[in-house]
Amino acid sequence: FVYLNYQSFGFLHHQGSHQIEQAQTVARSISRQVDKEPFQIVSSPFIGTYGHVRYFLEIYGKTPLAETSLQQPNELFVICHLEASQCKPTDNAQWQIASFKKKKIGRMWTVNGLKIYKIIHEN
């Protein structure tokens, strides 16, 4: 029984959610796109799981503004955990997004199934 079902026992293969690797990958991706500091990152919908991305951004030498900072960033990165049709990175009531003045999408890309939007100011 064990021999035949060995492949279905994930705990024997050390399969996990790979959250650290995902955070590193997302942070590397964002760090390559930062052109104008200060910048801010936010998760949509707001969930407390993007703190690890902030951590790795700091490790990679790109420190985002504090989550509670009232300073206007030059760039805003929105990490969307929803389907693309449901993610509205420029029309969102979340305060970091809503307070970003004269915004437009500068770029959108996908990393490990997450949509990441770089929001910039319109000129």
Side-chain angles (χ1 to χ4, degrees):
F1 176 79
V2 173
Y3 177 75
L4 293 174
N5 291 298
Y6 178 76
Q7 293 299 322
S8 65
F9 296 140
F11 63 91
L12 293 175
H13 305 289
H14 302 289
Q15 295 174 349
S17 63
H18 304 284
Q19 289 181 0
I20 292 174
E21 292 88 359
Q22 169 120 341
Q24 289 173 319
T25 303
V26 170
R28 268 192 220 101
S29 176
I30 291 173
S31 70
R32 288 190 287 261
Q33 298 300 321
V34 175
D35 294 321
K36 295 181 183 177
E37 294 190 34
F39 71 98
Q40 182 64 281
I41 67 167
V42 66
S43 178
S44 179
F46 178 76
I47 51 177
T49 61
Y50 71 99
H52 51 297
V53 174
R54 298 177 77 81
Y55 169 79
F56 285 111
L57 279 166
E58 289 183 29
I59 296 288
Y60 302 145
K62 300 287 185 175
T63 302
L65 291 170
E67 292 179 67
T68 57
S69 175
L70 298 177
Q71 181 179 352
Q72 184 69 209
N74 289 319
E75 298 174 341
L76 175 67
F77 293 90
V78 179
I79 303 168
C80 186
H81 296 268
L82 302 170
E83 293 181 25
S85 63
Q86 296 177 332
C87 196
K88 298 183 180 358
T90 58
D91 185 25
N92 191 309
Q94 195 169 331
W95 78 268
Q96 292 101 331
I97 298 171
S99 67
F100 195 85
K101 309 254 193 287
K102 296 182 181 178
K103 56 188 159 279
K104 69 176 184 177
I105 297 173
R107 183 162 188 252
M108 189 281 294
W109 68 101
T110 304
V111 175
N112 293 346
L114 297 174
K115 300 274 189 230
I116 302 175
Y117 295 86
K118 178 179 181 177
I119 310 298
I120 58 175
H121 296 286
E122 291 181 347
N123 291 333

Would you confirm whether [X], through its side chain, and [Y], through its main-chain N or O, come within 3.5 Å as a donor-acceptor pair?
{"X": "Gln40", "Y": "Ala66", "result": "yes"}
{"X": "Gln71", "Y": "Leu65", "result": "no"}
{"X": "Thr25", "Y": "Glu21", "result": "yes"}
{"X": "Asn74", "Y": "Glu37", "result": "yes"}
{"X": "Gln96", "Y": "Ser69", "result": "no"}

What heavy-atom pair brings Ala93 and Ala98 nearest, and what distance separates the two atoms? O-CB, 4.1 Å
Within this structure, what is the [atom1]-[atom2] distance for the pair [X] and [Y], rounded to the nearest 0.5 Å?
{"X": "Ile41", "Y": "Glu67", "atom1": "CD1", "atom2": "CD", "value": "8.0 Å"}
{"X": "Ser43", "Y": "Gln94", "atom1": "OG", "atom2": "CD", "value": "7.0 Å"}
{"X": "Leu57", "Y": "Ser29", "atom1": "CG", "atom2": "OG", "value": "10.0 Å"}

Whether His121 and Phe100 hold their rings parallel, tilted or perpendicular, with breakpoints at 30° and 60°: parallel
Residues in salt bridge (Lys or Arg N to Asp or Glu O under 4.0 Å) contact with Lys103, at least two apart in sequence or another chain: none
Is there side-chain contact between [X] and [Y], with at least one heavy-atom pair below 4.5 Å?
{"X": "Cys87", "Y": "Tyr117", "result": "yes"}
{"X": "Phe56", "Y": "Arg28", "result": "no"}
{"X": "Ile20", "Y": "Tyr55", "result": "no"}
{"X": "Ile79", "Y": "Phe77", "result": "no"}
{"X": "Val34", "Y": "Tyr60", "result": "no"}

Gln33 and side chain to side chain contact (heavy atoms under 4.5 Å, CB included): which partner among Lys62, Glu75, Arg107? Arg107
Criterion side chain to side chain contact (heavy atoms under 4.5 Å, CB included) against Thr90, the qualifying member of Ile119, Leu76, Val78, Ile97: Ile119
Consider only side-chain heavy atoms of I, L, V, M, F, W and Y, link residues closer than 4.5 Å, and tell whether Trp109 and Ile120 are in one cluster. no
